[in-house]
**Student:** 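I have a structure I would like to understand better, so I am pasting it below and will then ask my questions one at a time.
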Amino acid sequence: MNGAPAHLVIARLATVERPHDLRAARGYDLFFGFASVSLMLFVPQLKSLTPLLLLVLLAVHCVWRREDLPRLLRASSLYLLLPLFAAASWLWSVDPYASRYYGIQFLITALIGCIVGAGLDRKAAMRGVFLAFAVYGFSSLIFGRSVAWGGGAIGSSAFAGLAQAKNTAGDCGAVGIILSLAVLFDAIEERKPWLALLALVAMAVQADMLIASRSSGAVLAVGIAVPLFLLWNLSRLFSRPARVVTGVTAILGIATAVLTQHIWLPPLVAQMSRALGKDSTLTGRTYLWGRAAALIEEKPLLGVGYNAFWRKGNLDAEGLWRYAGITSRSGFNFHSTPTELLVHLGYAGLALFVLVFVALSILLLVRTMIRPDAIMIGWCTLLTYEVVRMPFESIGTGPFHYTTALLAAGLVVSAGWLARGHRPDRLPDRPRRFRGEREVPVSA
């Protein structure tokens with residue numbers, strides 16, 4: 001082998017790392033995306049079966065795609081610092097068992113998301129996730145229910161579907177709309193009319209879920225994210241220099257909006273809440289944040305430990321459950337991602353989260369700016385949607401939650417592309433129509 005040309009050596013290594021057999025079929029990629037996210041969406045129905053089946057799915061993947069594991073771990077290494085830090089918090093946690101137990105669950109969920117983002121074919125994985133939300137939307141429409149809600153003049157109920165809360169139904173509807181848009185544009189590019197039709201129908205169902213749930217945060221966030229998706233896809237018709245200028249402008253605009261969101265976002269959410277008949281306390285969030293501030297002052301650096309606050313027997317948590325009317329004493333949070341991180345992991349955990357999120361988000365934006373396609377723009381749009389919701393919802397750290405997995409997938413998808421040993425073939429500077437991305441081996 002030492003005397004062989006370099007391109008032949010690379011080709012042989014690529015063959016060893018990723019065999020072209022049944023295990024590399026795209027059908028498996030679609031199935032994994034569909035199955036993993038479906039198990040997390042149907043948690044209220046599957047209950048304890050969800051973690052068990054996800055563990056089985058993870059084990060099967062590690063065996064079925066064992067050649068991909070080193071590359072997957074390299075691509076996901078920066079993101080995996082988050083769940084590893086959370087799991088390690090048992091060392092200083094007020095409840096070591098809870099932090100260790102839920103930290104391992106967080107790590108499993110993160111690994112599932114990293115596989116979806118960096119371990120599968122991007123198009124097939126996105127279609128699988130889309131199908132999971134489509135099936136969930138149709139099931140919610142048929143078998144779902146409404147829950148009591150103090151909506152003032154608008155009404156006294158809101159649609160919760162198959163979820164335990166209306167906000168979850170609204171979030172599923174909003175995420176489903178973004179996924180449907182990405183698959184719709186991709187199906188048009190690939191000339192798959194039946195897939196495009198399914199995406200349109202699913203988007204209509206998910207829009208109905210979103211509106212009926214009366215979730216102001218989801219409505220506001222998707223109202224910001226969807227125009228971004230459409231404008232970014234439109235920019236693909238421009239020349240490469242124009243796309244670069246558009247991309248840089250978008251990055252600067254998003255960064256400015258995130259850094260100044262404490263100025264413009266609360267008044268906008270308050271106005272949206274008044275329009276939907278909510279009270280000025282954002283449905284009790286201001287009281288929760290006040291109590292959290294006192295907890296953060298007690299343990300500012302490392303927090304109380306991952307998921308160590310919301311536990312039975314903790315008097316502070318019991319009081320907040322009683323205040324919110326949570327009789328089950330579970331499934332509750334501080335309704336703010338920074339606040340949740342500060343309480344459980346302190347300023348160290350929040351700094352790590354921000355560092356990882358910013359670094360991987362910039363990599364994703366740059367990657368998408370250089371080679372824009374519907375799938376990658378869809379992931380960028382989904383991350384934008386989640387960023388808008390973070391000040392008012394706890395996102396990205398819940399074990400066995402679809403949002404945690406999707407956030408992980410979106411953050412590592414571009415790193416996975418860089419680590420695969422493939423390069424995209426060249427497109428003309430001014431494409432006549434939207435084109436999907438093709439990949440060719442380095443040896444070509």
Side-chain angles (χ1 to χ4, degrees), residues 18 24 26 28-34 36-37 40 58 61 65 68-83 109-133 175 178-183 185-186 189 225 228-229 232-233 236 247 250-251 254 353 355-387 395-396 402-424 436-439:
R18 186 63 181 274
R26 285 190 175 187
Y28 170 82
D29 297 348
L30 187 148
F31 166 77
F32 189 96
F34 171 79
S36 58
V37 175
M40 298 181 197
L58 181 61
H61 180 84
R65 292 280 179 87
D68 286 350
L69 292 181
R71 185 167 51 235
L72 170 67
L73 293 176
R74 287 197 302 270
S76 309
S77 57
L78 180 59
Y79 172 79
L80 290 176
L81 292 176
L82 292 176
T109 310
L111 286 171
I112 294 287
C114 290
I115 291 172
V116 173
L120 306 175
D121 178 82
R122 284 195 301 274
K123 288 181 182 290
M126 175 69 84
R127 289 170 185 172
V129 175
F130 153 74
L131 287 175
F133 275 87
V175 173
I178 294 171
L179 294 172
S180 297
L181 276 172
V183 171
F185 275 66
D186 183 60
E189 296 166 10
L228 173 65
F229 176 88
W232 203 326
N233 271 283
R236 295 168 60 191
I251 292 174
I254 293 173
F353 182 91
L355 174 65
V356 170
F357 192 93
V358 170
L360 292 177
S361 295
I362 291 175
L363 182 61
L364 175 62
L365 288 170
V366 171
R367 157 72 186 92
T368 308
M369 177 181 68
I370 296 172
R371 288 277 309 183
D373 65 73
I375 301 301
M376 297 298 287
I377 294 174
W379 284 117
C380 288
T381 305
L382 185 60
L383 289 184
T384 302
Y385 165 80
E386 299 296 359
V387 167
I395 294 168
Y402 64 89
T403 300
T404 304
L406 292 182
L407 196 68
L411 288 174
V412 304
V413 65
S414 58
W417 171 79
L418 291 173
R420 286 182 182 178
H422 285 76
R423 66 168 182 268
E437 179 173 316
R438 300 186 301 275
E439 290 182 342

**Student:** Show, in sequence, the C-alpha distance, side-chain angles and deciding distance for T403 and M40, and conclude whether the side chain to side chain contact (heavy atoms under 4.5 Å, CB included) test is met.
**Tutor:** CA-CA 9 Å; T403 300; M40 298 181 197; over 6 Å; no
**Student:** Is there side-chain contact between L383 and L411, with at least one heavy-atom pair below 4.5 Å?
**Tutor:** yes
**Student:** Working to the nearest 0.5 angstrom, can you tell me the gap between R74 CZ and L69 CG?
**Tutor:** 11.0 Å
**Student:** Do F133 and V183 have side chains that approach each other closer than 4.5 Å (heavy atoms only, starting at C-beta)?
**Tutor:** no
**Student:** Looking only at non-hydrogen atoms, find the nearest pair between A415 and A75 and report the distance.
**Tutor:** CB-O, 3.4 Å
**Student:** Hey, what do you get for CG (L111) to OG (S36), rounding to the nearest 0.5 Å?
**Tutor:** 12.0 Å
**Student:** Less than 4.5 Å apart, side chain to side chain, heavy atoms only: is that true for L365 and C380?
**Tutor:** yes
**Student:** If every non-hydrogen atom of L363 is compared with every non-hydrogen atom of S414, which pair is closest and at what distance?
**Tutor:** CG-OG, 3.6 Å
**Student:** Within the structure provided, determine whether I375 and W379 are in side-chain contact (heavy-atom separation under 4.5 Å).
**Tutor:** yes
**Student:** How are the rings of F31 and Y28 set to each other: parallel, tilted or perpendicular (split at 30° and 60°)?
**Tutor:** tilted
**Student:** Tell me whether D29 contacts the main-chain N or O of D121 through its side chain, where contact means a donor paired with an acceptor under 3.5 Å.
**Tutor:** yes
**Student:** Are any of the side-chain heavy atoms of I115 and D68 separated by less than 4.5 Å?
**Tutor:** no
**Student:** Side chains of V413 and R367: closer than 4.5 Å at any heavy-atom pair?
**Tutor:** no
**Student:** How long is the span from the CG atom in L407 to the CG atom in L382, to the nearest 0.5 Å?
**Tutor:** 8.0 Å
**Student:** Angle class for the F185/F229 ring planes (parallel below 30°, perpendicular above 60°, tilted otherwise)?
**Tutor:** perpendicular
**Student:** Could you walk me through whether I112 and H61 pass side chain to side chain contact (heavy atoms under 4.5 Å, CB included), step by step?
**Tutor:** CA-CA 10 Å; I112 294 287; H61 180 84; over 6 Å; no
**Student:** May I have the step-by-step check of side chain to side chain contact (heavy atoms under 4.5 Å, CB included) for F357 and V387, ending in yes or no?
**Tutor:** CA-CA 10 Å; F357 192 93; V387 167; 3.4 Å; yes
**Student:** Would you mind reporting whether L80 and V412 have side-chain heavy atoms less than 4.5 Å apart?
**Tutor:** no
**Student:** Atom CD1 of I178 and atom CG of L406: how far apart are they, to the nearest 0.5 Å?
**Tutor:** 10.0 Å
**Student:** Over all heavy atoms of both residues, which pair between M126 and A182 is shortest? Give the atoms and the distance, please.
**Tutor:** CE-CB, 4.4 Å
**Student:** How many angstroms lie between atom OG1 of T404 and atom CD of E386, to the nearest 0.5 angstrom?
**Tutor:** 9.5 Å
**Student:** Show, in sequence, the C-alpha distance, side-chain angles and deciding distance for K123 and D373, and conclude whether the salt bridge (Lys or Arg N to Asp or Glu O under 4.0 Å) test is met.
**Tutor:** CA-CA 10 Å; K123 288 181 182 290; D373 65 73; 5.4 Å; no
**Student:** If I compare all heavy atoms of L72 with all of G119, which pair ends up nearest, and what's the gap?
**Tutor:** CD1-N, 3.9 Å
**Student:** Of all the heavy-atom pairs spanning G33 and L120, show the shortest one and how long it is.
**Tutor:** N-CD1, 4.3 Å
**Student:** Could you tell me which non-hydrogen atom of G396 sits nearest to which non-hydrogen atom of Y79, and how far apart they are?
**Tutor:** O-OH, 4.2 Å
**Student:** Kindly compute the distance separating CD1 (I377) from OG1 (T368), expressed to the nearest 0.5 Å.
**Tutor:** 7.0 Å
